[in-house]
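Below: the structure, in structure tokens.
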Number of protein chains: 2
Amino acid sequence: MAEIRNADTRERILDAAERLFMAYGYDGTSMRQITGEAGVNLAAVNYHFGSKEALIQEVFRRRLDWLNEERMRVLDRHEAEAGGQPVKPSLIVDAFFGTLLRMAEDEARGGMTFLRLLGRTLTEPSEFIRAFLAHEYKTVMDRFKEALFRALPEVPKAEIVWRFHFMLGATSYAIAGTDALRLVTDWQIEEEDSVDRLDRLVPRLMSFLLGGLRAPLPQFAAPVTVDRG
Amino acid sequence: MAEIRNADTRERILDAAERLFMAYGYDGTSMRQITGEAGVNLAAVNYHFGSKEALIQEVFRRRLDWLNEERMRVLDRHEAEAGGQPVKPSLIVDAFFGTLLRMAEDEARGGMTFLRLLGRTLTEPSEFIRAFLAHEYKTVMDRFKEALFRALPEVPKAEIVWRFHFMLGATSYAIAGTDALRLVTDWQIEEEDSVDRLDRLVPRLMSFLLGGLRAPLPQFAAPVTVDRG
DNA sequence: TTATGATTCAAACGAACGTATGAATCACCT
DNA sequence: AGGTGATTCATACGTTCGTTTGAATCATAA
């Protein structure tokens, strides 16, 4: 046969799982679907990864390790260029969300498939997945929160955390794909604006995120006494 | 004895299903969990609703019918007050997202539980759920898109649709609850800023959404930049 | 070649799933 | 009181799930 047998069973499984988890979710994808699409034996997943849970963790680790390191590298670069001064919020947002979105153009690193999987999974019900992701993200999250705290010293930290959260949500939806967008529109957005046009989505989303991040601070209704700095 | 037997088996099932679907997702919740928590027989769901699919549709319909009608009523009111003039974007956003968030304070209408379920489900993998929601939402969506088109005549329609999409994402995350937020922060946000404090979340989210909606339009990169960084 | 460890394979396991059944029990009417 | 239709109940059906097993097959080196 043209293809080597043993060659990359693991990779074939990971690719199939990535695509299927993206399309049908974790619970909605069966081992038989995965191994069927990968063209390997049903038992191969348990042999190579141990369990379905360990499989999806590996699906994420394979991509997230690089992504989060790249985010750090970009932020490092911006901080070096700022030379002690706080990095501009737009650059921090770009280092975090822009790096993520640019990953979509890199098919060798999962491209849109992984991005949509990630977007979908952040709201996935399964507890252990969220716990795993929270652990994987901890370091990079702390780093970016700190950068934003320094970049926006006049904004309360709780406010920044919330807005980071909102930005994550908007981004997840944006990349989770056409399906969710169909809830907003059924007039197919003209071809030049289709979801596949990432070069248009990125600046669109960036404008929105920065607009939200820099919005005027909310006025709380209740006249609370200022008990904290 | 104290409680009437037949009284409201349907309601008990709907309440239990709403809570469990919110906590564990559609696929992750079994009929046995639902009927167990509701204190009814396993067969009761199929007897009263026909199937699990029909059950979750009824879970949503019970709340969405009122919600979307209320959204329309609020928008009607603002349009009447505007007397022919376009309604201000902030009022449109409030009619759509503010009405949703205020629903969280109304325990009789599902409160936070339903809100978190809704936020979670908009990214749920199951195809039929998204299709059902898209259908339920169609009328109100068209109405609000039109209102935004008129309120922001200088903004391209495609841009508005995208930003509506981003707003939906940010809102879903915001209400999908603490779990996702823990991905951003593990320092428990001080008590006064906790997720339960909806009176703080609402203005926070509104500021963010409006900031994003009114952000400067994105500059798309020129089509022929050769440099590949 | 033969020995060895890694991998693949077909087959089966027990558990959990959504659903269906038919008898028992209920509320309600005459 | 007795009849009737609606509802509840225990139980079982057929599927599909993730996982396991032990033998077959592979790659590699002595």
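Numbers restart at 1 for each chain; the letters A, B, ... are given by sequence-line order, proteins then strands. Excluded from the calculations below are hydrogen atoms, water molecules and symmetry mates; all remaining heavy atoms, backbone and side chain alike, are included.
Ionic pairing of Asp142(B) and Lys145(B) is present here: one or more N-O contacts between side-chain nitrogen and carboxylate oxygen are shorter than 4.0 angstrom. With respect to the salt-bridge test (charged N to carboxylate O, under 4.0 angstrom), the residues Arg102(A) and Asp94(A) qualify. For Arg109(A) and Glu70(A), the salt-bridge test fails: no basic side-chain N is under 4.0 Å from an acidic carboxylate O. Between Arg63(B) and Glu136(B), none of the side-chain N atoms (NZ, or NE/NH1/NH2) sits under 4.0 Å from a carboxylate O, so this pair counts as no salt bridge. Ion pair Arg10(B)/Asp15(B) not flagged as a salt bridge, since none of the NZ, NE, NH1 or NH2 atoms sits closer than 4.0 Å to an Asp/Glu carboxylate oxygen.
Straight-line distance from the CG atom of Asp27(A) to the C1' atom of dG18(D): 12 Å, rounded to whole Å. The CZ atom of Phe49(A) sits 17 Å away from the P atom of dA6(C) (whole-angstrom rounding). In this entry the distance linking CZ of Arg12(B) with P of dT7(D) reads 15 Å, nearest Å. Per the geometry, CG belonging to Leu20(A) stands 16 Å off C1' belonging to dC17(D), to the nearest Å. To the nearest angstrom, P of dG18(D) lies 12 Å from CD1 of Ile56(A). As a whole-Å value, the separation of Leu55(A) CG from dC17(D) C1' is 15 Å.
Taking a 4.0 Å limit (strictly below) on heavy-atom distances, residues 28-35 of chain A reaches DNA chain D at Thr29(A), Ser30(A), Met31(A), Arg32(A). Across residues 38-46 of chain B, Leu42(B), Ala43(B), Asn46(B) each have a non-hydrogen atom less than 4.0 Å from an atom of DNA chain C (numbered order).
Contact annotation: Thr9(B) side-chain N/O to dT8(D) OP1/OP2 distance is under 4.0 Å. A close approach under 4.0 Å does not occur between any side-chain nitrogen or oxygen of His48(B) and OP1 or OP2 of dA6(D).
Cation-pi geometry between Arg163(B) and Phe208(A) is not met: the NZ or CZ atom fails to fall both under 6.0 Å from the ring centre and inside 45° of the normal.
When distances are taken from the side chain of Tyr47(A) to each of dT19(D), dT8(C), dA6(D), the shortest belongs to dT8(C).
Using cut-offs of 30° and 60° for the angle between ring planes, the Phe60(B) and Phe132(B) rings count as tilted.
Pairs engaging residues 31-58 of chain A under the salt bridge (charged side-chain N to carboxylate O under 4.0 Å, His left out) rule: Arg19(A)-Glu37(A), Glu58(A)-Arg61(A) [sequence neighbours left out].
At least one donor-acceptor pair under 3.5 Å links the side chain of Arg12(A) to the backbone N or O of Ala38(A).
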